[in-house]
Number of protein chains: 2
Amino acid sequence: MAAKSDIKGTDETRAGDVLHRMRLDIISCALKPGTRMRFETLKELYAVSFSTLREALQRLVAEGLVISEGQRGFMVAPLYLSDLQDLTDVRVLVDQECIARSILHGDDDWEAQIIAAFHRMDRLKARLNDLYFMSDEWAVLHGDFHRSLVSACRSPTLLDFRDKLFQRAHRYRRMSCQFRTKWRPKDVEHRTLMETVIARDAPAAKNLIERHIRETTENVIQNAGQFLSTEPTAFPGILKSIAAE
Amino acid sequence: MAAKSDIKGTDETRAGDVLHRMRLDIISCALKPGTRMRFETLKELYAVSFSTLREALQRLVAEGLVISEGQRGFMVAPLYLSDLQDLTDVRVLVDQECIARSILHGDDDWEAQIIAAFHRMDRLKARLNDLYFMSDEWAVLHGDFHRSLVSACRSPTLLDFRDKLFQRAHRYRRMSCQFRTKWRPKDVEHRTLMETVIARDAPAAKNLIERHIRETTENVIQNAGQFLSTEPTAFPGILKSIAAE
DNA sequence: GATGATCACATTTTCGAAAATCCCAAGAAA
DNA sequence: TTTCTTGGGATTTTCGAAAATGTGATCATC
């Protein structure tokens, strides 16, 4: 219990709605990393008042998608190489654990959901052909597939953390394919992953998910590494330098 | 980077201050688990307005210390046996990793800080004698000591997550010693832990921290297990049954 | 020229009133 | 009796104006 952060936006208040929309805009990079978030702009964009905006922003701060400093407002959390590497290591740890536990606890229905999620993802890929990984639709189905693998792990706390990490990582993936369309084909990996998990081979699955995560990160760095700051520079500096372009 | 949730309250706005105070009140169980949080009451208690309160509450929701449902307000997150067990497992995983990494990366200064933190905790214990584990002061020093062990792990994301888990777990410890003063003496464990970590014996340290966490949990369950719900009951039910007493 | 003080403007932060929603009891209908 | 409506009071949620704070330019002084 406890750490449920309704990532799907199951909150029906207006603040919950804005939170949901803002989160999508950030992880899809529609709100660019490092940009300052002015209230006048946001107010217009999301059609709500100051306080409602602030509520959503505070939540996003806690999720690591937004940064706030003192009385100087908010900004979309910048993307750093160091953050990406940190994120990658932690995701390996957490996803490995989640998968191992899911393999231990998962039932028939769990397997069925994995197969269904894979199928949906696979068919969409076939339909969209070349640029599938740019589409929002695919991002959703890809996310669903990965979540289905770990969904039987029986740890709400771990799952919630995993989801937040996945979202944070998504921003890096998303940014990287804006720069170059060279993207490692992952469909074979996904299929093998599915088969291994359903075969209940935990050690092999742990290896596969680690490779999958690490290689994707390397791919991101190759495509967009040059655009990521190496050091978390002092706040005000970044604020301008990135927001400017 | 990114997931920094200024747990120490480094935010100088009033909302940040309220967040800080509220968090302390929740993890110290001054705000009792499961109680409904009415705005009129909170407004008086923290001397701020609606919107400022809401900002803090939203943050606490993201941290798993507060629960919100639809348009029905907020409540202090209840304590569940299942949550405690989940929390325990995840803490073992995360703390083991943090300690192993700290042992790998830690320098002389890191060692010095551990020794210093242990000393402070140890002296206070001696001074307070019997009821040391009930005092807020000891809670702080005990938290500092555990954090010093993992502080060199070089993963902001993991550290931040660890801190949140530690806080959530603290509520259970805190509640348990309100019911019974029987509390397993942990000073020897702490000393061994310190020595092992500084001796850079990662496997032994991982075993020790696991035992430390799991045995503490068992102690909590023995002391207060009967007061924890076994099942996360439906929301409105709890709301009354717990808030009533 | 460099440094520091002052002030006006832009922006954020806070507040409390107004609107929206929920809760529950009392009454009507089945 | 049970189930379904209705209404009013309690509570939460939203809004935009007012207060607080940061920013940057201008000017005086060293």
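Sequence lines set the chain letters: A, B, ... in the order given, protein chains first and strands last, and positions in each chain run from 1.
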**Q** To the nearest Å, how far apart are B:Glu55 CD and C:dT14 P?
**A**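 Roughly 6 Å, once rounded to whole Å.
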**Q** Does B:Thr13 reach a base, just sugar-phosphate, or nothing at all? Heavy atoms under 4.0 Å.
**A**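 Here B:Thr13 touches the backbone only, sparing every base.
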**Q** For A:Ser135, enumerate each residue passing the side-chain hydrogen bond (donor to acceptor under 3.5 Å, both in side chains) test, keeping only those at least two apart in sequence or located in another chain.
**A**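 Result, side-chain hydrogen bond (donor to acceptor under 3.5 Å, both in side chains) vs A:Ser135: none returned.
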**Q** Measure the distance from CG on A:Leu53 to C1' on C:dT14 and round it to the nearest whole Å.
**A**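 Atom CG in A:Leu53 sits about 15 Å away from atom C1' in C:dT14.
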**Q** Tell me every residue that passes side-chain hydrogen bond (donor to acceptor under 3.5 Å, both in side chains) with B:Arg101, counting only those two or more places apart in sequence or in another chain.
**A**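 Testing B:Arg101 for side-chain hydrogen bond (donor to acceptor under 3.5 Å, both in side chains), a comparison that skips the adjacent residues, returns B:Glu97.
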**Q** Decide whether B:Asn223 and B:Tyr172 meet the rule of one side-chain donor and one side-chain acceptor closer than 3.5 Å.
**A**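 Per modelled atom types, B:Asn223 and B:Tyr172 side chains form no pair under 3.5 Å.
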**Q** Are A:Arg36 and C:dT12 close enough that a side-chain N or O sits under 4.0 Å from OP1 or OP2?
**A**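 Yes, within the criterion.
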**Q** Output the distance between atom CD1 (B:Ile99) and atom CG (B:Leu149), rounded to the nearest 0.5 Å.
**A**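 It comes to 5.0 Å.
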**Q** Under 4.0 Å, counting only non-hydrogen atoms across every strand here, what does A:Ser51 touch: a base, just sugar-phosphate, or nothing?
**A**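 Base, at least one base heavy atom under 4.0 Å.
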**Q** In whole Å, what is the span from the CD atom of B:Gln71 to the P atom of D:dT14?
**A**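 Value for this atom pair: 7 Å.
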**Q** Who pairs with A:Asp144 by side-chain hydrogen bond (donor to acceptor under 3.5 Å, both in side chains), at least two apart in sequence or on another chain?
**A**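 side-chain hydrogen bond (donor to acceptor under 3.5 Å, both in side chains) list for A:Asp144, sorted by chain: empty.
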**Q** When you measure from every atom of DNA chain C, which of residues 37-46 of chain A have a heavy atom less than 4.0 Å away?
**A**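 Here the set is A:Met37, A:Arg38, A:Phe39.
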**Q** What is the separation between atom CG on A:Leu19 and atom P on D:dT13, rounded to the nearest whole Å?
**A**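 It works out to 14 Å between those atoms.
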**Q** Could you work out which one of D:dT12, D:dC15, C:dT14 sits closest to the side chain of B:Arg54?
**A**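 Nearest listed nucleotide: D:dT12.
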**Q** Please determine, for the side chain of A:Arg72, which listed nucleotide (D:dT23, C:dT14, C:dC22) has the closest atom?
**A**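 Minimum distance to the A:Arg72 side chain belongs to D:dT23.
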**Q** Select one nucleotide: of C:dT13, D:dG16, C:dC22, the one nearest the side-chain heavy atoms of A:Ser49.
**A**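 For the A:Ser49 side chain, the nearest candidate turns out to be D:dG16.
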**Q** Name the closest nucleotide to the B:Phe50 side chain, picking from C:dT21, C:dC15, D:dT14.
**A**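 Ranking C:dT21, C:dC15, D:dT14 by closest atom to the B:Phe50 side chain puts D:dT14 first.
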**Q** Holding to side chain to side chain contact (heavy atoms under 4.5 Å, CB included), I want the full list of residues that pass it with A:Leu81, two or more places apart in sequence or in another chain.
**A**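 Scan of A:Leu81 (side chain to side chain contact (heavy atoms under 4.5 Å, CB included), adjacent residues dropped) gives A:Gln85, A:Ile221, A:Leu228.
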**Q** Which residues pass the side chain to side chain contact (heavy atoms under 4.5 Å, CB included) test with B:Thr13, not counting sequence neighbours?
**A**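 Testing B:Thr13 for side chain to side chain contact (heavy atoms under 4.5 Å, CB included), a comparison that skips the adjacent residues, returns A:Gln71, B:Asp11, B:Ala15.
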**Q** May I have the distance from A:Glu69 (atom CD) to D:dT21 (atom C1'), rounded to whole angstrom?
**A**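 These atoms are roughly 14 Å apart.
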**Q** In whole angstrom, what separates B:Asp17's CG from D:dA20's P?
**A**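 Checked: the CG to P distance equals 17 Å.
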